There are 2 protein chains.
Amino acid sequence: MLSHMTITRSTSHRQAESTSQPTPAAAFSLGSAIEMMGATVPYRRDSEIYGENEPAEYLYKVISGAVRTYKILTDGRRQIGSFCLPGDIFGLEVDDIHTFSAEAITNCKILVIKRSALVSLAGRDIAVARRLWTLPGNELQRAQEHILLLIKTAQERVVGFLIEMSARSADATEVELPMSRQDIADYLGLTIETVSRTLTRLENVGAIAIPTSRRVVLRSRGALNRLNA
Amino acid sequence: MLSHMTITRSTSHRQAESTSQPTPAAAFSLGSAIEMMGATVPYRRDSEIYGENEPAEYLYKVISGAVRTYKILTDGRRQIGSFCLPGDIFGLEVDDIHTFSAEAITNCKILVIKRSALVSLAGRDIAVARRLWTLPGNELQRAQEHILLLIKTAQERVVGFLIEMSARSADATEVELPMSRQDIADYLGLTIETVSRTLTRLENVGAIAIPTSRRVVLRSRGALNRLNA
DNA sequence: CGACCATTTGATATGGATCAAGCGATGTGG
DNA sequence: CCACATCGCTTGATCCATATCAAATGGTCG
């Protein structure tokens, strides 16, 4: 059976919705043993999942909703490291201390898995071990892509962001943006105004449509790729 | 004894100095089994060690000299991903294809290890496996630091770069820069002129001294940390 | 000594930041 | 159910940091 952890005691989850109702049913989706080892915990919009410098006792997987990981610099600037969408795993750290903070962007459900349980399972199950193995490498690739984004012009960054989001979206031509303009700006190293202006410019040249501010239709992939330099 | 590979046949090493003379003596330094599995190969300044998109058959460790890994964007811009100094391991890839190119910055000696040999050794030696394990995670941390650099002002980037280099240097107050201003600029996402100007400004305010263009003395760590925001 | 290449320095242009105001959707209290 | 406050987003005007263009300097090697 499921080995239930008393995760609500952890300081890492102090902001979880008080009406927390784990949904073990979801634990059997996706066909991996990983889903069976944790509890699904709801977090409400803008609540902290964990903080920078806290010990990294758990691993997290987005079941529904969206999460941002970020750092606050000494002067108050915020850098978003990644957006996590359903299926994404986050919270894995090299040295057992979180190097970023994580917050729920929307109300969401997160599968929370104890690291130690996963490590011991990996010792028994080579498939789990292999999958765990690939996580830092995948993160590294994303970080490297992020670096490449950050040396580009504002327009290229925004276009790159849209392409990245569309690649992660079910419908490749229509992108749902769970995050605010400020979140996008802090991910791309731009200001909210520049992000907004760039999006409207892309709309004006017919590359995209913006039916609502949180929804973008990619109208011309060719134009976008051209603008992506 | 050492199992010598016929590495000079590999396309990855086509630019190695023709007067290649492996130095197996170095193979016994640092007290790790890893040193015993490869051959030390000399590369001359600006020669390619491997190219982007080539299969990643080997792992590399800098014995002496310095290496840059980089990508060329479609419009010709170059982004340097990392500088590798003696002791650094590079060339590890998630999916067995190099995502960056690597070039010798100076004439240098590189220990070249066959991946497959290392993997099989890791299967037998848990210490080697553990060490291999940590590499992607360490790379990830460096990439994340790099991201944080790239969202800062020019002065903060240059200061951050100097602090990073001094942390990797034997003498914490004096930094040898094996790379050109252009290399630094391409690492920091700035132009060569901005890097140069920023360095002279730092010298003018007394934070550093620049006895020669490739040597920087950190005169006031406090001032640098302050400028690092 | 002279050519070459890296670096520095100078003058100007510009992309994105900043400061400021307007707009539209959402929700709340009267 | 509507008036109003709030919040997120967009738009406008101006400023500034860094890029760009250009030239001078300096160090290295033949």
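Every chain is numbered from 1 and lettered A, B, ... according to where its sequence line falls, protein lines coming before strand lines. This is a predicted model, so every value here is computed, not measured.
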query: Does atom CZ of B/R214 have more than 12 heavy-atom neighbours, drawn from other residues, nucleotides or ligands, at distances under 6.0 Å?
result: yes
I'd like a table of atom pairs between the protein and nucleotides 25-30 of chain D - only N or O on both sides, under 3.5 Å - with the distance next to each one.
none

- request: For the residue pair A/Q79 and A/Y70, confirm or rule out a side-chain donor-acceptor distance under 3.5 Å.
  value: no
query: Under 3.5 Å, is there a donor-acceptor pair between the side chain of B/Q141 and the main chain of B/N138?
result: no
field: Basic-acidic side-chain contact under 4.0 Å: A/D96, A/R115
entry: yes
query: How does protein reach along nucleotides 7-13 of chain C, written 5' to 3' as B (base within reach of a heavy atom under 4.0 Å), S (only sugar-phosphate), or - (no contact)?
result: SBBBB--
Contact residues, residues 147-163 of chain B to DNA chain D [heavy atom, < 4.0 Å]: B/T153, B/A154
- request: Only pairs at least two apart or in different chains count here, so list each salt bridge (Lys or Arg N to Asp or Glu O under 4.0 Å) that has a residue in residues 84-95 of chain B.
  value: B/D88-B/R168
Using the 3.5 Å cut-off, write out each protein N or O paired with an N or O of nucleotides 23-27 of chain C and the distance between them.
none

query: So A/F90 and A/Y60, would you call those rings parallel, tilted or perpendicular, with 30° and 60° as cut-offs?
result: parallel
field: Ion pair check, A/R68 and A/D46, cut-off under 4.0 Å
entry: yes
field: Ion pair check, A/R157 and A/E164, cut-off under 4.0 Å
entry: no
query: Would you call B/R142 and B/E139 a salt bridge, using N to O less than 4.0 angstrom?
result: yes
task: Determine whether A/T40 and A/I110 make a side-chain contact, defined as any pair of heavy atoms from C-beta on separated by less than 4.5 Å.
output: no
statement: Ordered by number, residues from residues 64-79 of chain A within less than 4.0 Å of DNA chain C (heavy atoms) are none
- request: To the nearest Å, give me how far apart CG (B/D183) and C1' (C/dC5) are.
  value: 14 Å
message: Looking at A/D183 and A/R78, is there a salt bridge between them, counting it only when a charged N and a carboxylate O are closer than 4.0 Å?
response: yes
